[in-house]
Amino acid sequence: MTTYTYADEGTQPRRRRGRRLLTVLIVLLLVLLGLVAVADRVGASMAERVIGDQIEQELVAQGLKTSPPEVSVGGFPFLTQVLAGEYESISIQLRDVEGTVEGEGVRLPRLDVEARTVTAPLDTLRTQQGEITAGTVEGTAIVAYASVVALINQPGLQLSERDGVLFVTAPLRVLGQEITVNGNAELAVRDGRVQVSFANLSAEGAPQGAEEFVNAYARDISLNLALPEMPFQLKLQDVKAQSDGLAVTAAAQNVPLNQS
């Protein structure tokens with residue numbers, strides 16, 4: 001048989017009230033955190049729009065045609081970065097970048113840029129006056145194979161990627177006979193240009209004595225490719241073959257992202 005005392009009867013309602021109060025406090029805390037997160041995201045969206053507009057003006061000044069830049073601010077919480085005027089990273093995506101090199105149009109379907117240690121004072125974002133700078137900038141540009149083929153300018157030539165290597169196949173008429181040549185390319189970046197060298201081509205069904213013609217053709221289709229001037233002072237570093245084109249990486253330091 002359980003015995004209750006007046007003390008038990010008094011403490012039970014207090015415990016229930018304490019639990020209810022704790023529940024209310026937890027709910028209020030969650031609501032406040034949600035409001036802070038929403039405010040943080042709204043602030044980030046506004047900064048992304050302003051920075052994107054500034055970058056677009058810089059691209060126009062450089063004579064590059066591109067779709068409006070897509071800007072994404074990294075790091076959380078964002079509002080503390082705004083107040084400090086320092087951002088961990090800013091991702092910039094450019095699509096359909098077009099420029100002219102030696103009278104020939106070169107199209108970059110995509111240019112992805114990552115700017116780190118970005119300085120953008122709050123007053124600069126508010127007035128759109130002043131400089132936005134990045135400590136380091138790294139970018140990867142995709143050069144469409146169609147653009148490379150157009151520059152090589154050989155009928156029937158096709159480029160593709162196989163196991164990370166640039167592969168070529170093309171028809172060639174040798175000693176009155178139509179044959180197919182194919183092989184891999186060596187890729188390199190030298191003196192600010194992308195070098196595409198076809199040193200070893202094989203010829204299917206080639207007649208005797210065709211080797212000299214095949215070697216001459218390999219020299220003809222090799223290319224020393226200059227790209228349009230890259231934004232953000234990016235300097236070419238490396239190149240590799242991908243399924244959608246040549247991926248050219250570039251980097252720079254202490255870079256202004258806008259026109260001050």
**Complete:** Sequence neighbours excluded, the answer for side chain to side chain contact (heavy atoms under 4.5 Å, CB included) partners of Tyr217 is Gln154, Leu157, Ala170, Leu172, Val181, Leu201, Ile221
**Asked** Measuring from Asp220:CG to Asn153:CG, what's the distance to the nearest 0.5 Å?
**Response** 11.0 Å
**Donor-acceptor contact present, side-chain Thr66 to main-chain Arg95, <3.5 Å** = yes
**Item:** With sequence neighbours excluded, residues passing side chain to side chain contact (heavy atoms under 4.5 Å, CB included) with Arg173
**Value:** Glu178
**Item:** Flag for Glu114-Ser91: side-chain donor and acceptor within less than 3.5 Å
**Value:** yes
**Request:** Supply the atom-to-atom distance Asp244 CG to Tyr145 OH, rounded to the nearest 0.5 angstrom.
**Result:** 7.5 Å
**Request:** Identify the heavy atoms of Ala185 and Val196 that sit nearest to each other, and give their distance.
**Result:** CB-CG1, 4.0 Å
**Closest non-hydrogen atom pair, Gly192 against Leu236** = O-CD1, 3.5 Å
**Request:** With rounding to the nearest 0.5 Å, note down the distance linking CG in Asn200 to CD in Glu186.
**Result:** 7.0 Å
**Request:** Give me the one residue out of Val194, Leu225, Leu187 that meets side chain to side chain contact (heavy atoms under 4.5 Å, CB included) with Val248.
**Result:** Val194
**Message:** Ala247: which residues meet the side chain to side chain contact (heavy atoms under 4.5 Å, CB included) condition with it, sequence neighbours left out?
**Reply:** Thr140, Ile142, Lys240, Gln242
**Item:** Rounded distance (nearest 0.5 Å) linking atom CG of Leu246 with atom CG of Leu108
**Value:** 10.5 Å
**Message:** Could you walk me through whether Arg116 and Glu138 satisfy the side-chain contact (heavy atoms from CB on, under 4.5 Å) test, starting with their C-alpha distance in whole Å, then the side-chain angles of each, then the deciding distance to 0.1 Å, before giving a yes or no?
**Reply:** CA-CA 9 Å; Arg116 296 186 178 87; Glu138 297 177 351; 3.4 Å; yes
**Item:** Under the side chain to side chain contact (heavy atoms under 4.5 Å, CB included) test, residues paired with Ala134 that sit two or more places apart
**Value:** Ala115, Val118, Val137, Leu257
**Fill in**
For Arg110 and Asp112 the tightest heavy-atom approach is NE-OD2, 3.0 Å
**Asked** Hey, what do you get for CG (Leu94) to OG (Ser67), rounding to the nearest 0.5 Å?
**Response** 7.0 Å
**Asked** Considering only heavy atoms from C-beta outward, does the side chain of Asn254 approach that of Thr133 to under 4.5 Å?
**Response** no
Kindly list each side-chain donor-acceptor pair under 3.5 angstrom involving residues 158-169, sequence neighbours excluded, with atom names and distances?
from: Glu161; atom 1: OE2; to: Asp163; atom 2: N; distance (Å): 3.3
from: Glu161; atom 1: OE2; to: Gly164; atom 2: N; distance (Å): 2.6

**Flag side-chain contact, heavy atom, 4.5 Å: Leu111 against Pro231** = yes
**Item:** Gln233 side, atom CD; Gln253 side, atom CD - distance, nearest 0.5 Å
**Value:** 11.0 Å
**Message:** For Asn182, give me all partners under side-chain hydrogen bond (donor to acceptor under 3.5 Å, both in side chains), at least two apart in sequence or on another chain.
**Reply:** Ser202, Glu204
